[in-house]
Participant: 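Please read through the structure below; I'll follow up with questions.
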Amino acid sequence: MELYYQIAFFIFGMVFGSFCNVIGIRVPLNKLFESQRSHCPFCNKTLHWYELIPVLSYVFLSGKCKLCKTRLSMIYPIMELLTGFLFTFSFSVHGFTLELIVALTLSSLGVILIVTDLCYMLIPNKIMLFFLPIFLILRIFLPLDPWWSSLLGSFIGFVFIMLIILISKGGMGGGDMKLFALLGIVLGYQGILLTFLFSTLLATVVSILLILLKKINRKYPIPFGPYICGSALITYFYGNDIINWYITSLY
Ligand SMILES: [Zn+2]
């Protein structure tokens, strides 16, 4: 039965990931409620239902538009798979509890912002304003321990990044600052500090690798959103384990 649910969550996640792709691609262009059906971004060909199946369509069409043969971005299937994986994992960790909603919401936010930041170097206010009341309500009903950890986390996230922006003059942006404030609600003050630590570490390591592999040069501005979202998810699922391991290793 457990396996059956996991498969169901994986499929649900991939379909939802496809939806997150659409939100991430369309919201920054203010085209979310445009009635136009899904289409090829290059030749505008309307896509049939069998071209819209998450991951499978991409594989069967070898990642190309059927009409104009332009190569389609790998982001779509990767994000669909990632959402499927995150949804299954969330269910494995939380089962059918209310906290599962927090995990699924956080995963969706992460996937949407990875798409917007990779495609447009943007963390849209609209997306964060949509998730803000959801996270607040969830943390009122499912408070962290202690309950004020959410408020402090949000405050620390905001002030911390603001200071970095002031000192580094452009190392991070206003979008990153608001995102940290938003994530602080879900993760609490210890969680947000851990997220900051992981995201800078992750961004540094990946950037050095990409520079060494000559994929980017030093001046290339890195979209920080994917690192923040990835780190927030790692912290959400493993933060307590990591903090406990750290504390015990001190003695
Ligand atoms: Zn096309």
Side-chain angles (χ1 to χ4, degrees), residues 20 23-24 27-28 30 102-103 105-140 142-208 210-211 216 218-240 242-243 246:
C20 290
I23 294 177
V27 165
N30 285 319
V102 180
T105 313
L106 186 65
S107 301
S108 310
L109 172 73
V111 171
I112 293 171
L113 292 184
I114 290 172
V115 173
T116 63
D117 212 14
L118 284 180
C119 294
Y120 308 105
M121 293 281 285
L122 205 69
I123 298 176
N125 285 330
K126 271 185 207 164
I127 304 280
M128 288 188 281
L129 280 172
F130 177 81
F131 279 90
L132 175 66
I134 302 177
F135 285 152
L136 280 173
I137 292 169
L138 285 170
R139 275 293 171 251
I140 287 171
L142 300 161
L144 293 171
D145 180 26
W147 66 268
W148 44 263
S149 181
S150 286
L151 293 179
L152 186 60
S154 185
F155 179 75
I156 289 178
F158 191 84
V159 173
F160 214 58
I161 307 302
M162 189 172 70
L163 289 175
I164 288 173
I165 292 173
L166 290 176
I167 295 166
S168 72
K169 292 189 179 114
M172 285 176 134
D176 301 323
M177 179 174 72
K178 287 175 252 178
L179 177 57
F180 265 96
L182 179 67
L183 292 170
I185 299 170
V186 181
L187 302 169
Y189 70 96
Q190 289 168 318
I192 205 67
L193 289 173
L194 212 56
T195 302
F196 176 76
L197 197 76
F198 287 154
S199 56
T200 38
L201 209 72
L202 212 62
T204 311
V205 172
V206 174
S207 298
I208 290 173
L210 290 176
I211 289 169
I216 57 171
R218 224 163 297 217
K219 297 232 169 66
Y220 186 87
I222 51 162
F224 207 54
Y227 300 110
I228 303 174
C229 295
S231 305
L233 285 164
I234 294 171
T235 303
Y236 176 77
F237 287 115
Y238 293 108
N240 284 336
I242 294 167
I243 291 168
Y246 181 73

Participant: How long is the span from the CG atom in Leu187 to the CD atom in Gln190, to the nearest 0.5 Å?
Facilitator: 11.0 Å
Participant: How long is the straight-line distance from CD1 of Ile23 back to CD1 of Ile112, given to the nearest 0.5 Å?
Facilitator: 4.5 Å
Participant: How far apart are the closest heavy atoms of Cys229 and Ile114, and which atoms are they?
Facilitator: CB-CG1, 4.2 Å
Participant: Is there a donor-acceptor contact under 3.5 Å from the side chain of Thr200 to the main chain of Leu197?
Facilitator: yes
Participant: Passes side chain to side chain donor-acceptor pair (under 3.5 Å), Thr235 versus Thr195? Steps please.
Facilitator: CA-CA 6 Å; Thr235 303; Thr195 302; 3.2 Å; yes
Participant: Count the heavy atoms of every other residue, nucleotide or ligand shown that sit under 6.0 Å from OH of Tyr120, and state whether that count exceeds 12.
Facilitator: yes
Participant: If you define the side chain from C-beta out and look only at heavy atoms, does anything of Val115 sit under 4.5 Å from Cys20?
Facilitator: no
Participant: Would you say Ile123 and Lys178 make side-chain contact, with heavy atoms under 4.5 Å?
Facilitator: no
Participant: Could you pull out the closest heavy-atom pair between Leu183 and Ala232, with the gap in Å?
Facilitator: CD1-CB, 3.8 Å
Participant: Which heavy-atom pair separates Tyr236 from Arg139 by the least distance, and what is that distance?
Facilitator: CE1-NH2, 4.1 Å
Participant: Could you report the tightest heavy-atom contact between Gly175 and Met128, atom names first, then the distance?
Facilitator: O-CE, 3.9 Å
Participant: Are the side chain of Thr116 and the backbone N or O of Gly24 linked by a donor-acceptor pair below 3.5 Å?
Facilitator: no
Participant: Flag the pair Leu109 / Val186 as yes when at least one side-chain heavy-atom distance between them is below 4.5 Å, and no otherwise.
Facilitator: no
Participant: So Phe160 and Phe196, would you call those rings parallel, tilted or perpendicular, with 30° and 60° as cut-offs?
Facilitator: perpendicular
Participant: Nearest 0.5 Å, please: how far is CG in Asp176 from OG in Ser199?
Facilitator: 9.0 Å
Participant: Are the side chains of Lys126 and Asn30 in touch, meaning some heavy atoms are under 4.5 Å apart?
Facilitator: yes
Participant: How far does CD1 of Ile161 sit from CZ of Phe180, to the nearest 0.5 angstrom?
Facilitator: 4.0 Å
Participant: Taking the side chain as C-beta and beyond, is there a heavy-atom pair between Ile228 and Asp117 under 4.5 Å?
Facilitator: no
Participant: So do Phe224 and Leu179 actually touch side chain to side chain, heavy atoms under 4.5 Å?
Facilitator: no
Participant: Below 4.5 Å, heavy atoms only, C-beta onward: do Pro124 and Leu113 meet side chain to side chain?
Facilitator: yes
Participant: Measure the spacing between CG of Leu136 and CZ of Phe131 and express it to the nearest 0.5 Å.
Facilitator: 13.5 Å
Participant: Taking atom CZ of Phe237 as the centre, does the number of heavy atoms from other residues, nucleotides or ligands within less than 6.0 Å exceed 12?
Facilitator: yes
Participant: Hey, are the side chains of Leu233 and Phe198 touching, using non-hydrogen atoms and a 4.5 Å cut-off?
Facilitator: no
Participant: When you measure from the side chain of Ser154 to the backbone of Ser150, do you find a donor-acceptor pair of N or O atoms at a distance under 3.5 Å?
Facilitator: no
Participant: Working to the nearest 0.5 angstrom, can you tell me the gap between Leu138 CG and Ile185 CD1?
Facilitator: 10.5 Å
